[in-house]
K.L.:
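First the structure, which I've put down as structure tokens, then a few questions once you've had a look.
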Amino acid sequence: MATVALSSIAKSFGSTKVLGGVDLDIADGEFLTLVGPSGCGKSTLIRIIAGLEHQDGGGVAIGGSRVDHLRPHERRVAMVFQSYALYPHMSVRANIALPLTMSRLSLRQRLPLLRLLSRRRREVMRGIEADVGAVAMQLQLDHLLDRKPAQLSGGQRQRVALGRAMVRQPAVFLMDEPLSNLDAKLRVHMRTELAELHKRLGATFIYVTHDQVEAMTMSDRVAMMDSGSILQLGTPSRLYEKPASLKVAQFIGSPAINLLPATVAAAGRLELFGRPMALAVPLAQGQAVTLGIRSEALALVHGEPGAPGRAWFTARLRRKENLGSEYILHFDLAGRDAQGVTMRTTPAIAAGLSEAAEVTLGFDEAACHIFGTDGGRVEPRGENGATGSVVPLRA
Ligand SMILES: Nc1ncnc2c1ncn2[C@@H]1O[C@H](COP(=O)(O)OP(=O)(O)OP(=O)(O)O)[C@@H](O)[C@H]1O
Ligand SMILES: [Mg+2]
């Protein structure tokens, strides 16, 4: 098993800078996910770790040793691709065995006629058979070993690709969007399988996806990338509960975080739609900020709004989205075209609302995220100027 350490990894394709000096330390046995929008450099970074691409600057260390001079198969890593990359003319057995036949048999022993004569080859092949059988058992592929890839379902093909990675017993598994060709239901199922496989193998997993749900559900830590650098690295809950920037807040969480414009009034006190809030920030008067409010942090306000520490605004119900166990309610903001918010709620509460109903929505100010004009997170100011707490609203 092995740690992976990336230091100042830089990469350009021609004049296009794709990675701008990425530092990342991945612990032994960790499940780390690289997540981020299309084109942000995730595949390039994982291909550099695999040795399939060479960085322009910086270094990769696996298990404490630099591997920059090593070829992919010398790095103790195995890569699983989105496309599976199986050989269509070969059986499942031969596909899984391929990395072993390549490494354990000499070129001579792989030649069609000579190989029949070699006793040594027969011994090696028996060993390979046993290893393939063990991996196939773990992945429940043992009854499919004689089929060709075309005779398998998408999920089974993906398991064959995993098996081909596992059979080499690599210290590090590198996976680039391995589930994205599967239908939604199978993807959910494979998420669980991958997480269990990770536990069972105890290997280091580096997983690339642009699906934030995959990132949140499987990973020990998530590195959110954008434009070739890491915006935030942390546990899934850390990224959800304390996004370091507006971009992270918008990317992580479904439905997407609600964003409301607010302004800084006297003494740093925030104003939402012209009404003073209890929150104060260490910013100059007149500055604009964006408030981020998760859909589960919104609630209907009955009676008089404006309880201490709770902000509110009015909205009109546009659509109810029934997810079975819960509802996502979509609201338009009164007098603000094209701006909407979503609220996650129970079927009982949703049932009490009719389409186009005018409602008051409120939220606990302490639960909202504040972002400055540069998109960076702003911590609210405490009463004596310290950051990190909420100023209580005086009556
Ligand atoms: N071989 C290449 N030659 C030129 N440009 C490339 C090459 N490979 C990648 N790029 C560019 O580098 C940038 C990052 O690509 P990369 O494949 O790493 O993105 P990604 O984050 O994996 O995106 P996606 O989620 O769409 O897979 C993109 O702008 C891409 O066009
Ligand atoms: Mg990619």
Side-chain angles (χ1 to χ4, degrees), residues 4-24 26 31-60 62 67-68 71-72 75 77-86 154 157-158 161-162 164-165 172-184 186-188 190-191 194 204-219 221-234 236 239 243-254 256 375:
V4 177
L6 308 180
S7 49
S8 311
I9 300 288
K11 177 75 183 173
S12 298
F13 290 110
S15 58
T16 316
K17 193 160 116 186
V18 174
L19 296 173
V22 173
D23 292 304
L24 183 58
I26 301 156
F31 195 132
L32 180 118
T33 300
L34 300 170
V35 75
S38 187
C40 70
K42 307 178 295 294
S43 294
T44 306
L45 189 59
I46 204 172
R47 288 171 59 81
I48 287 173
I49 301 171
L52 298 169
E53 202 83 67
H54 206 268
Q55 69 271 24
D56 304 333
V60 180
I62 296 178
V67 296
D68 304 310
R71 295 210 299 245
R75 293 191 178 196
V77 302
M79 183 120 169
V80 181
F81 300 90
Q82 171 181 358
S83 60
Y84 317 142
L86 301 176
R157 272 179 227 171
Q158 187 51 266
L162 275 173
R164 195 175 49 188
V172 182
F173 283 81
L174 305 171
M175 305 195 183
D176 194 352
E177 311 231 15
L179 306 186
S180 52
N181 284 348
L182 305 178
D183 67 46
L186 195 51
R187 219 157 53 214
V188 174
M190 285 300 289
R191 278 208 307 255
L194 275 181
T204 308
F205 275 38
I206 305 177
Y207 189 94
V208 165
T209 181
H210 58 255
D211 180 338
Q212 58 94 23
V213 181
E214 273 181 27
M216 298 288 285
T217 50
M218 294 191 291
S219 329
R221 284 189 307 163
V222 176
M224 158 105 201
M225 291 181 67
D226 191 54
S227 306
S229 57
I230 294 177
L231 293 184
Q232 192 172 357
L233 170 67
L239 265 66
S245 65
L246 188 54
K247 276 192 176 150
V248 176
Q250 286 179 286
F251 198 83
I252 304 288
S254 174

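Numbering of ligands and ligand atoms starts at 1, following listing order. All of these numbers come straight from a predicted model, not from anything done at the bench.
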K.L.:
Just list the side-chain donor-acceptor pairs under 3.5 Å for residues 33-52, sequence neighbours left out, or say none.
P.N.:
| from | atom 1 | to | atom 2 | distance (Å) |
| --- | --- | --- | --- | --- |
| Thr33 | OG1 | Ser219 | OG | 2.6 |
| Lys42 | NZ | Gly36 | O | 3.0 |
| Lys42 | NZ | Pro37 | O | 3.1 |
| Ser43 | OG | Asp176 | OD1 | 3.3 |
| Ser43 | OG | Asp176 | OD2 | 2.7 |
| Arg47 | NE | Glu53 | OE1 | 3.3 |

K.L.:
Tell me the protein heavy atom at minimum distance from atom 26 (O) of ligand 1, and give that distance in Å.
P.N.:
Ser38 OG, 2.5 Å
K.L.:
If we check side chain to side chain contact (heavy atoms under 4.5 Å, CB included) with Leu32, which of these qualifies: Val222, Leu24, Val4?
P.N.:
Leu24
K.L.:
Please list, in number order, the atoms of ligand 1 under 4.0 Å from a heavy atom of Ser43.
P.N.:
17 (O), 18 (O), 20 (P), 22 (O), 27 (O)
K.L.:
If the cut-off is 4.0 Å to any non-hydrogen atom of His210, which atoms of ligand 1 fall inside it?
P.N.:
25 (O)
K.L.:
Considering only the protein, which heavy-atom contact is closest to atom 25 (O) of ligand 1, and what is its distance?
P.N.:
Lys42 NZ, 2.7 Å
K.L.:
Quick one: does Cys40 get an N or O within less than 3.5 Å of an N or O on ligand 1?
P.N.:
yes
K.L.:
Measuring from atom CG of Leu179 to atom CD of Gln158, what distance do you get when rounded to the nearest 0.5 angstrom?
P.N.:
6.0 Å
K.L.:
Indicate yes or no: at least one non-hydrogen side-chain atom of Glu214 is less than 4.5 angstrom from one of Arg187.
P.N.:
yes
K.L.:
Is there a side-chain contact between Ile252 and Gln232 in this structure, where contact means two heavy atoms from C-beta onward sitting under 4.5 Å apart?
P.N.:
no
K.L.:
Can you name the nearest heavy-atom pair linking Ala223 to Leu233, along with the distance?
P.N.:
CB-CD1, 3.9 Å
K.L.:
Look up atom CE in Met218 and atom OG1 in Thr209, then write down how far apart they are to the nearest 0.5 Å.
P.N.:
7.0 Å
K.L.:
Does some side-chain heavy atom of Val188 sit less than 4.5 Å from a side-chain heavy atom of Val213?
P.N.:
no
K.L.:
Can you pull out the closest protein heavy atom to atom 29 (O) of ligand 1? Residue, atom name and distance to 0.1 Å, please.
P.N.:
Gly39 O, 4.1 Å
K.L.:
Rounded to the nearest 0.5 Å, what's the gap from CZ on Phe81 to CG on Leu174? Could you check?
P.N.:
9.0 Å
K.L.:
Do any nitrogen or oxygen atoms of Phe13 lie less than 3.5 angstrom from nitrogen or oxygen atoms of ligand 1?
P.N.:
no
K.L.:
Measuring from atom OG1 of Thr204 to atom CD1 of Ile62, what distance do you get when rounded to the nearest 0.5 angstrom?
P.N.:
9.0 Å
K.L.:
Which of the numbered atoms in ligand 1 are under 4.0 angstrom from any heavy atom belonging to Gly41?
P.N.:
14 (C), 18 (O), 19 (O), 20 (P), 21 (O)
K.L.:
Which protein N, O or S atoms sit under 2.8 Å from the Mg ion (ligand 2)?
P.N.:
Ser43 OG
K.L.:
Students should be able to answer this: which protein heavy-atom is nearest to atom 18 (O) of ligand 1, and at what distance?
P.N.:
Thr44 OG1, 2.5 Å
K.L.:
Are there protein heavy-atom neighbours of atom 31 (O) of ligand 1 below 4.0 Å?
P.N.:
no
K.L.:
When rounded to the nearest 0.5 angstrom, what distance separates CE in Met175 from CD1 in Ile206?
P.N.:
10.5 Å
K.L.:
Residue-level breakdown please: for Glu177 versus ligand 1, do any non-hydrogen atoms fall below 4.0 Å on the side chain, on the backbone, on both, or on neither?
P.N.:
side chain
K.L.:
Is atom 2 (C) of ligand 1 less than 4.0 angstrom from at least one protein heavy atom?
P.N.:
yes
K.L.:
Any N or O of Val18 that comes nearer than 3.5 Å to an N or O of ligand 1?
P.N.:
no
K.L.:
To the closest 0.5 Å, what do you measure between CG (Leu162) and CE (Met190)?
P.N.:
5.5 Å
